[in-house]
Amino acid sequence: MAQAVRTRIAPSPTGDPHVGTAYVALFNYALARQCGGQFVLRIEDTDRQRSTSASEAMIFDALHWLGLDWDEGPDVGGPYGPYRQSERSEIYTIHAEMLVASGHAYPCFCSRERLDELRAEQKAAKGRFGYDGHCRSIDSDEAARRRAAGEAHVIRLAMPTQGEIVVRDLLRGEVSFAAEQIDDQVLVKSDGYPTYHLANVIDDHLMEITHVIRAEEWISSLPKHVQLYQAFGWAPPVFCHLPLLRNADTSKISKRKNPVSVNYFRRAGFLPEAMLNYLALMGFAMPDGREEFSLADFVEAFRLEAVSLGGPVFDLTKLTWLNGKHIRELSPSELLRRLREELLGDRYLLEVLPLAHERIETLADFFSYTNFFFVGDVEYDDAARTKMVIRERTPPQTAKIFRLLLEESLDAILDWSAESIEEALRSFCEANDLKPKELFMPVRIAVTGRAATPPLFDTMAVLGKEICRWRLRSAAETLRTMKA
RNA sequence: GACCCCAUCGUCUAGUUAGGUCUAGGACACCAGCCUUUCACGCUGGCGACGCGGGUUCAAAUCCCGCUGGGGUCACCA
């Protein structure tokens with residue numbers, strides 16, 4: 001008998017809501033909806049260092065904005081909860097112990113140092129990388145004693161050591177790996193938290209997920225997952241690995257080369273339906289060749305087996321064209337509603353207003369004075385270009401400083417506020433032997449396109465991290481190719 | 001480096017499962033023109049691809065092999 005289709009999106013709350021998450025969520029959503037099944041949201045927050053509730057909130061928000069509503073999740077509950085992995089610790093512990101008891105997993109006492117050394121040796125020998133199974137031969141009674149004595153350890157999966165491991169992917173068919181190629185994956189970290197591999201398999205099983213649709217980067221750990229299902233004696237779900245979104249140079253999409261935060265697109269004026277429509281086009285083509293369609297149309301026509309395997313380049317130009325098409329379809333009142341929803345909403349306007357208030361002399365001044373708050377990209381005219389170059393530096397050097405500023409300072413800010421931005425900028429100046437005065441004007445021009453603006457930190461705070469990131473990137477790109 | 005995945009215009013793709021109907025279709029971008037007080041939209045046309053080499057076959061973009069190229073993975077991150 002046919003089991004109800006259940007799919008899930010399982011993001012890790014460790015940063016901005018990623019466009020790749022939206023992409024994978026869309027396909028999972030579409031399959032569940034067209035089959036009348038359920039779409040589940042599960043938060044994979046087993047990385048205690050990096051997971052934040054702010055990130056989790058942004059993910060909920062981004063998915064809601066896109067209209068990819070879930071039937072079960074941490075916020076709405078459901079019969080298979082809890083849906084946050086940090087709240088499921090006992091479940092993982094119990095299952096991990098089952099595996100140890102049955103001999104499918106074993107404690108490993110290797111130190112960080114030994115592991116680093118091992119890796120260095122393997123690298124020098126240009127051999128295969130991976131754990132060498134050192135602790136696998138420890139007698140189970142002795143291992144139990146050492147654990148009881150409180151010795152630091154992890155739990156590793158005992159993978160088969162020889163033979164072929166054949167796994168199945170919906171789009172690719174059978175994929176086989178030589179067993180020697182796959183090492184004994186850590187299942188439980190020394191802090192007692194499960195790794196992705198363990199938690200993922202247990203949860204997908206317990207939550208009765210029927211189709212695991214995820215990004216292609218997971219395909220090489222599929223043998224470990226399949227082995228886990230076998231060790232538990234569970235029937236594995238259907239696995240389907242989606243191609244990775246790419247930068248223009250075809251490398252895996254990254255924030256260094258592309259805007260990747262859903263927040264960016266939202267603030268830059270993209271419509272959720274256009275985002276979804278474009279993402280759907282990344283790997284799927286309508287039978288009639290139509291390129292503009294709604295989520296409902298997509299759900300109806302979608303065929304998972306028909307997804308193409310080439311890694312699609314995420315092309316802002318085409319996204320923008322599609323967005324324009326969607327905008328033209330809106331009625332005037334609907335367009336007004338959209339404008340008010342995002343850029344012209346009271347919430348945002350009330351943030352911008354105070355910054356302009358004492359600087360304008362007519363109401364009309366407001367618009368010319370604040371226009372950079374309402375656009376996606378800004379242009380740099382000749383005067384701006386000139387002034388954007390840091391004193392005593394060449395344009396390419398300035399570009400490098402901008403990139404450094406992003407990567408080593410701004411990216412790390414979790415609470416994007418005027419205070420934290422100021423602190424970051426000032427300490428960046430100190431660390432890089434720059435006077436605040438020298439850096440701030442170029443940054444101001446980079447993020448606004450002009451020299452006369454409200455106070456820089458407030459401005460950046462209101463613009464939002466994602467818009468600032470991307471404008472700083474564009475500015476760096478402009479400078480890089482500029483002659484001194 | 002090892003392993004795995006992938007391979008049609010610059011980009012997204014149709015066609016590949018059942019080889020002929022493919023002198024390879026559509027879309028974005030680009031170019032030209034039309035429409036138009038401008039711009040945009042819209043319309044018309046143009047440019048532009050089966051990575052290479054071997055097979056199999058009467059016939060290959062489609063099947064097989066090799067090569068090349070691109071990507072991913074090789075964490076106590078997901």
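Per chain, numbering begins at 1; letters A, B, ... match sequence-line order.
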For G66(B), give its Watson-Crick or G-U wobble partner with both distances under 3.5 Å, or none.
C52(B)

For RNA chain B, the residues among residues 50-73 of chain A that have a non-hydrogen atom under 4.0 Å from it:
R50(A)

Those residues that, when tested against H95(A), pass ring-ring contact (aromatic ring centres under 6.0 Å, His included) (two or more places apart):
F232(A), W234(A)

Expected output is a numbered-order residue list: members of residues 241-263 of chain A with a heavy atom under 4.0 Å from any atom of RNA chain B. What is it?
L244(A), R246(A), T250(A), S251(A), K252(A)

Is a side-chain donor-acceptor pair under 3.5 Å present for E44(A) with Y196(A)?
no

Please list, pair by pair, any protein nitrogen or oxygen found under 3.5 Å from a nitrogen or oxygen in nucleotides 45-48 of chain B.
none

Between Q85(A) and D203(A): side-chain donor-acceptor atoms closer than 3.5 Å
yes

Pairing partner (Watson-Crick or G-U wobble, both distances under 3.5 angstrom) of G19(B)
none

Under the rule for ring-ring contact (aromatic ring centres under 6.0 Å, His included), what residues qualify as partners of H134(A), not counting sequence neighbours?
none

Can you pull out the residues from residues 368-376 of chain A that lie within a 4.0 Å heavy-atom distance of RNA chain B?
none

Are any of S308(A)'s side-chain N or O atoms less than 4.0 Å away from OP1 or OP2 of U13(B)?
yes

Please list, chain by chain and in numerical order, all residues satisfying ring-ring contact (aromatic ring centres under 6.0 Å, His included) with H197(A), sequence neighbours excluded.
H225(A)

Base, sugar-phosphate or nothing for T14(A)? Non-hydrogen atoms, less than 4.0 Å.
nothing

Rounding to a whole Å, what distance do you find between Q181(A):CD and G1(B):P?
15 Å

Parallel, tilted or perpendicular: which fits the ring planes of F298(A) and F284(A), with parallel below 30° and perpendicular above 60°?
perpendicular

Using ring-ring contact (aromatic ring centres under 6.0 Å, His included) as the criterion, list what pairs up with F265(A), not counting sequence neighbours.
F270(A), F314(A)

Is any side-chain nitrogen or oxygen of R214(A) closer than 4.0 Å to OP1 or OP2 of A78(B)?
no

Could you run down nucleotides 24-36 of chain B 5' to 3' and tag each one B, S or - for protein heavy-atom contact under 4.0 Å?
--BBSS-------

Quiz: residues 151-159 of chain A side-chain donor-acceptor pairs under 3.5 angstrom, not counting sequence neighbours:
| from | atom 1 | to | atom 2 | distance (Å) |
| --- | --- | --- | --- | --- |
| E151(A) | OE1 | R146(A) | NE | 2.9 |
| E151(A) | OE2 | R146(A) | NE | 3.4 |
| E151(A) | OE2 | R146(A) | NH2 | 2.7 |
| H153(A) | ND1 | E151(A) | O | 2.9 |
| H153(A) | NE2 | R147(A) | NE | 3.1 |
| R156(A) | NH1 | D184(A) | O | 2.7 |

Should the side chain of S190(A) and the base of C76(B) be counted as holding a donor-acceptor pair, with the cut-off at 3.5 Å?
yes

For E300(A), does the CD atom have more than 12 heavy-atom neighbours from other residues, nucleotides or ligands under 6.0 Å away?
no

Taking only heavy atoms on the protein side, list every residue of residues 146-164 of chain A lying under 4.0 Å from any atom of RNA chain B, sorted numerically.
V154(A), R156(A)

Please list, in numerical order, the residues of residues 270-280 of chain A that have a heavy atom closer than 4.0 Å to any atom of RNA chain B.
none

Ring-face cation contact, F27(A) with R214(A), 6.0 Å cut, 45° max:
no

